[in-house]
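Note sheet for the following structure.
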Amino acid sequence: MKKKWWHNCVVYQVYPRSFMDSNGDGIGDLKGIISKLDYIADLGADMIWLCPVYASPNDDNGYDISNYYQIHPEFGTLKDMDLLISEAEKRGLGIMMDIVANHTSDEHPWFIESRSSKDNPYRDYYVWRDAVDGGPPSDLQSIFSGCAWEYDAGTDQYYLHMFSKKQPDLNWHHPPVREAIYDVMRFWINKGIKGFRFDVIDLIAKELEQGIIANGPLLHPYLQEMHREVLAGADVVTVGETGGADLEKAILFTSPERKELDMVFSFEHIALDEQHGKQKWDLKSLELDDLKRVLSNWQTCLTGKGWNSLFWSNHDQPRIISRWGNDQEYRYESATMLAVLLHMMRGTPYIYQGEEIGMTNVQFADLDSYCDIETLNMYKERIKQGFAHDDIMESIYVKGRDNARTPMQWNAESHAGFTAGKPWIDLNPNYPSINVQADHHSERSIYQIYKKLIELRKANDLIVYGDYELLESEPEIFAYTRTYQNEEWRVVCNFSNREIESQLICDGEIVIHNYDSPTEKLRPYEAIVYKLKN
Ligand code: GLC
Ligand code: CA
């Protein structure tokens with residue numbers, strides 16, 4: 001496979017609302033991010049994936065865009081954005097913009113025009129249908145609960161919204177829509193950004209009449225068109241959010257010769273706590289065997305054919321340490337074990353803000369403390385369906401998106417150093433002990449392990465390009481080898497809080513380790529990487 005500059009890159013994801021507030025209004029902003037660029041650069045990241053900062057009424061925290069060419073005033077101005085791009089560049093950091101192309105806000109001028117009359121030139125920018133039997137055109141459900149069709153009295157038709165009713169879906173089959181999105185991308189490329197993350201890109205080519213929402217037959221042709229029109233010749237890296245993509249599809253998206261995307265985010269490994277065919281809130285217990293199988297498949301099957309993204313968390317997911325680790329007694333051990341497991345794999349790693357200091361899930365006592373529209377809609381719907389309050393709260397504690405959206409914990413001072421004002425969402429009450437400053441002063445710094453892992457990736461093509469093989473091991477152990485040009489590394493991770501005897505402990509040279517020195521057993525959440533002697 002031809003080498004690309006981004007093959008050994010590491011991306012740090014910033015959720016702007018919750019990262020750093022510069023002016024005391026309680027909302028993170030661009031100047032706040034600029035003030036923390038040194039922090040991100042010191043970690044060793046190459047890129048910052050910036051969740052949407054465009055003008056938006058904020059129904060879904062910026063994923064409802066009303067102007068792709070403007071910055072939301074709460075975040076700053078276009079000038080601040082230019083400054084962010086140039087200050088980032090000075091530190092070797094590229095900005096990856098989040099392109100939300102499946103839908104806009106209902107306050108976007110295209111939609112305001114579109115809904116104004118049936119013969120408006122923008123009518124076909126969105127998906128309009130007549131009522132059927134006096135009700136919605138179909139029983140399609142929105143991902144944010146309830147019917148995916150909203151009646152619009154003005155023209156007596158329904159419009160489609162796969163997310164909130166303030167996020168009408170664009171009609172990609174209408175060529176001017178595609179052209180308009182390509183223009184947006186060109187604008188940001190000209191501003192000097194270095195990458196794009198495409199929001200729910202697998203939904204753009206829906207074929208409603210055939211009942212197809214994700215992965216419509218024209219999806220690949222559209223992505224190839226986007227590549228021809230915009231990406232060819234622009235030196236940017238792209239990642240598509242394709243939640244339902246299996247390996248076969250991932251290969252179609254990411255094979256370089258197909259000229260579509262560079263990599264995708266698949267959700268197979270982060271949906272392992274969900275009951276098949278049900279909603280994300282319907283939980284089942286995690287099995288390490290499933291994780292081994294899924295991650296190993298993604299490691300091996302893309303070899304030579306496509307490229308993998310590596311991620312544990314993002315702004316939609318609960319904190320990884322609260323899922324697969326132990327966020328109490330073994331917080332340091334499990335956070336670093338999970339980091340080692342993922343960062344020794346092949347692919348481009350993404351680190352979500354706060355992951356590098358072991359931030360945890362939050363459990364707010366009151367529903368009122370939650371802000372996320374997905375969570376709030378689901379609560380209402382489930383109460384109507386007769387679910388018990390406590391059961392719903394339990395699923396919010398485990399899967400709610402606000403777990404990832406509490407403010408970044410910088411220090412133990414008021415509001416964790418995130419803001420001088422009142423934060424837009426409550427902090428995780430554990431910030432006095434879990435914060436950047438405390439981590440930096442600790443001998444057991446999670447951040448330092450992340451930093452070391454990134455350094456290792458930069459210095460060893462084995463991590464970037466080597467072959468992967470899962471090793472037979474005790475049930476609580478996840479172990480694999482990486483081999484490249486006569487060199488072999490062995491990664492051994494204990495996923496339990498017990499001491500375990502393991503055949504895999506050996507006398508190889510230790511590359512990275514989250515305990516002081518090895519013993520004859522693997523201790524709770526121990527992670528150890530050996531360079532084997534040959
Ligand atoms: C993606 C985003 C999520 C958003 C949704 C609708 O899944 O990551 O935050 O709510 O798309 O845009
Ligand atoms: Ca602010």
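Order of listing sets the numbers, starting from 1, for every ligand and every atom in it. This one's a predicted model, so the numbers in the text were calculated from it and none came from an experiment.
Close approach of ligand 1 to H103 is summarised as follows: ligand atoms under 4.0 Å from at least one heavy atom of the residue are 6 (C), 12 (O). Using a 4.0 Å cut-off to heavy atoms of V200, the atoms of ligand 1 that qualify are 1 (C), 7 (O), 11 (O). Near R405, meaning under 4.0 Å from one of its heavy atoms, ligand 1 places the atoms 9 (O). Less than 4.0 angstrom separates some heavy atom of R197 from each of these atoms of ligand 1: 2 (C), 8 (O).
Atom CG in L261 sits 7.0 Å away from atom CD1 in I201 (nearest 0.5 Å).
For the pair R129 and W149, the cation-pi criterion (under 6.0 Å, within 45° of the ring axis) is not fulfilled.
Taking atom 4 (C) of ligand 1 as the reference point, the nearest protein heavy-atom neighbour is D60 OD2, 3.3 Å. Counting protein heavy atoms only, atom 8 (O) of ligand 1 is closest to D316 OD2, 2.5 Å. Annotation: atom 5 (C) of ligand 1 to nearest protein heavy atom, F163 CE2, 3.8 Å. Looking only at protein heavy atoms, the nearest one to atom 7 (O) of ligand 1 is E241 OE2, 2.9 Å.
Look at Q317 and you'll find every heavy atom at least 4.0 Å from all atoms of ligand 1. The closest approach between any non-hydrogen atom of M162 and ligand 1 is not below 4.0 Å. Heavy atoms of R401 come nearer than 4.0 angstrom to ligand 1 in at least one pair.
Of the charged side-chain nitrogens involved, at least one lies within less than 4.0 Å of a carboxylate oxygen, so that K249 and D246 count as a salt-bridged pair. Classification of D60 and R401 as a salt-bridged pair holds, one side-chain N sitting under 4.0 Å from a carboxylate O.
Across I201, I65, D199, heavy-atom proximity to atom 11 (O) of ligand 1 is greatest for D199.
Take the N/O/S atoms of D25: the one nearest the Ca ion (ligand 2) is OD1.
Between the side chains of Y126 and H174, no donor-acceptor pair is found at a separation under 3.5 Å. Side-chain contact check for D98 and W49: at least one donor-acceptor pair (N or O, by modelled atom type) lies under 3.5 Å. E268 and N297 form no side-chain donor-acceptor contact under 3.5 Å, judged by distance and modelled atom types alone. Side chain to side chain, W307 and T348 meet the donor-acceptor criterion of an N or O pair below 3.5 Å. No side-chain donor-acceptor contact under 3.5 Å links D46 and Y12.
Residue-level proximity to ligand 1 for E374 is absent, since no heavy atom of it falls below 4.0 angstrom. With a heavy-atom cut-off of 4.0 Å, F144 touches ligand 1 through its side chain alone.
Our summary of the site lists the angle at the Ca ion (ligand 2) between OD1 of D21 and OD2 of D29 as 90°, to the nearest 10 degrees. Of the angles at the Ca ion (ligand 2), the one spanning O of I27 and OD1 of N23 is 150° when given to 10°.
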Audit row: Y182, W188, ring pair (Phe, Tyr, Trp, His ring centres under 6.0 Å) steps and yes/no
CA-CA 10 Å; Y182 303 158; W188 288 103; over 10 Å; no
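Checking Y125, W110, W172, F163 one by one against H103, the ring-ring contact (aromatic ring centres under 6.0 Å, His included) holds for a single residue, F163.
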